[in-house]
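Chain identifiers are assigned alphabetically (A, B, ...) following the order of the sequence lines, protein sequences preceding nucleic acid strands; residue numbering begins at 1 within each chain. Fair warning: this is a prediction, and the values are worked out from it, not measured in the lab.
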Protein chains: 2
Amino acid sequence: MQAEQQEAEFLRSYNIHDYDIPLTSVDIVIFTVQNFSLQVLLVQRAEHPFRLRWALPGGFIDIHRDDDLQATALRKLKEKTGVATPYLEQFAGVGNHTRDPRGWSATFPFFALINPEQLDLQSGSAVEDTRWFVLDELDQTGPLAFDHAQLIQAALQHLRHKVEYSSLPVHLLPESFTLSELQHIHEIVLGKNIDKSAFRKRVKEGDFLEAVPDGWRLGSNRPAQLYRLKQLQPLVYFQRPMIGR
Amino acid sequence: MQAEQQEAEFLRSYNIHDYDIPLTSVDIVIFTVQNFSLQVLLVQRAEHPFRLRWALPGGFIDIHRDDDLQATALRKLKEKTGVATPYLEQFAGVGNHTRDPRGWSATFPFFALINPEQLDLQSGSAVEDTRWFVLDELDQTGPLAFDHAQLIQAALQHLRHKVEYSSLPVHLLPESFTLSELQHIHEIVLGKNIDKSAFRKRVKEGDFLEAVPDGWRLGSNRPAQLYRLKQLQPLVYFQRPMIGR
DNA sequence: ATAATAGTGTCTATAAGACAATATACC
DNA sequence: GGTATATTGTCTTATAGACACTATTAT
């Protein structure tokens, strides 16, 4: 077929370096809940541009190592936190000629949810320039690199919006947890309190959790049933939003 | 400051062409409602790769002409439809090494909503290889270029999800319209019927429309009040989704 | 027994769904 | 007056919110 030959010839003569194209990167807003607060992971840049400023973990797509954007995000996440299986979702896209002094730059921002247990596993692999920041105290870091302050705000807005309608926060908890713990996580992320009865009605109706057989959280009080996410139930949406008091 | 000198020196020696980076493009899923059906605009490619296949309007970011991603999308939209002021929103991000035969490719897909009146204004500027396709009949185009069939499905899902909760469909109508017309558009996009009374209650409560003074749609029946979008009301979210019968 | 948290139940408030009733034009 | 569509109202249904009540363990 002549058409196919033409197409093959076109591809042979095509050289990407003949064109001016934007830099393309992936940035990750990694959320966790620790000490009753929502936190985000930042790294202090060791290289130019914005050397020594705090920034989101991320970087350029490695077209020789990464099969797709998700692979880039997972690679960066693994490098910084050791976590291999987070909840990971791309939530926006930004590109302009002002955000990076090296030139026209575009980024695919992801947000990731991980739980503190996954973190503890990793704390040994010393990464000096990596720290968790409480979201409300981000102004104490000095200006962030690039437009990362805006990306964090966008991620937060996306997270809160989604939490109102879905079972997303289970990914901020270890594999098994009590309903009270899950409710507490919702409250921390949303920044407001939720009625216990209404919350449990919704969770029960959403049908995305299963009781851990013989799993109980013990303490100086009535023991609580442990639950875990049902398999093949990545995300459940509620009919009406979770409104606080 | 030595740090600033270092940063400046770094930027001087930085050459984007030293690195292998992905191709980066913008694709636009342009929706409109005509003849009681939701339609999407496709162009037949004149160049390799995928010559003669139908594809989404879009293309590479021109880092010399476009200030940001939105500018690229608006430029492409203007070229294909003549429409300058659509509702435009970036809704996803895709990047991998298989979607484009020229190499590792990433795209920022947008969806745009335009109304048929805007279209008529443009029909003169002949673009032979541009056509509207009814969404349910997309399988009659033959395979689309790249992964554009998937992008359209993703855009449609995003659109439907958002329409359930928001005033978005006003952007598929001309500046002024009746409530019945607005309801009809909602029904076409969602593919199901909505109760008239409930719909009006919601719209009234959302408070994003205003009556056009002395504006009436006349016919062989009771005349209907014309409404238009209030200024500074780009998008209103409802508390509960719009469920059909 | 007391403290503390788990878990359930009951009533209310809000908003959507069903469906009917009324309004107002053109013919 | 007849027809067609606009607009409003009433009752029902579904779900969140408020709040109280019971349950179960450790100390």
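Taking 4.0 Å as the cut-off between side-chain N and carboxylate O, B:Glu164 and B:Arg160 do not count as a salt-bridged pair. A salt bridge does not link A:Asp68 to B:Arg99: none of the charged nitrogens lies less than 4.0 Å from a carboxylate oxygen.
The side chain of B:Lys204 has D:dT8 as its nearest neighbour among D:dT8, C:dC26, C:dT5.
Distance, B:Leu218 CG to C:dC27 C1': 14 Å, rounded to whole Å. Rounded to whole Å, the distance from CD on B:Gln225 to P on D:dT5 is 19 Å. To the nearest angstrom, C1' of D:dA16 lies 11 Å from CD of A:Glu205. Remark: C1' of C:dA21 and CZ of B:Arg200 are 15 Å apart, rounded to the nearest angstrom. Here D:dT3 presents its C1' atom at 15 Å from CZ of B:Arg222, a figure rounded to the nearest Å. Residue A:Phe199 contributes atom CZ, which lies 14 Å from atom C1' of D:dA16 at whole-angstrom precision. Look at CH2 on B:Trp216: it is 10 Å from C1' on C:dT24, rounded to the nearest Å. A straight line from CG of B:Asn193 to P of C:dA16 spans 18 Å, rounded to a whole angstrom.
Listed by first and then second residue, the salt bridge (charged side-chain N to carboxylate O under 4.0 Å, His left out) pairs involving residues 209-224 of chain A are A:Glu181-A:Arg217, A:Glu210-A:Arg228 (not counting sequence neighbours).
Comparing B:Ser220 and A:Ser220, the nucleotide of DNA chain D nearest to each residue sits closer to the 5' end for B:Ser220.
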N/O to N/O distances under 3.5 Å, protein versus nucleotides 9-12 of chain D:
from  : atom 1 : to       : atom 2 : distance (Å)
D:dG9 : O6     : B:Ser197 : OG     : 2.6

Task: Full working for side-chain contact (heavy atoms from CB on, under 4.5 Å) between B:Gln118 and B:Thr81 - done: CA-CA 9 Å; B:Gln118 290 174 296; B:Thr81 69; over 6 Å; no

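In this pair, A:Phe111 and A:Phe91 present their aromatic rings tilted. The plane angle is within the 30 to 60° band. Under the 30°/60° scheme for interplanar angles, the aromatic rings of A:Phe108 and B:Phe108 are found to lie parallel.
For the pair A:Arg202 and D:dT15, the criterion of a side-chain N or O lying under 4.0 Å from OP1 or OP2 is not met.
Side-chain contact of A:Gln153 with A:Gln157: a donor-acceptor pair under 3.5 Å is absent, judged by distance alone.
Using a 4.0 Å heavy-atom distance criterion, A:Arg217 is classed as making no nucleic acid contact.
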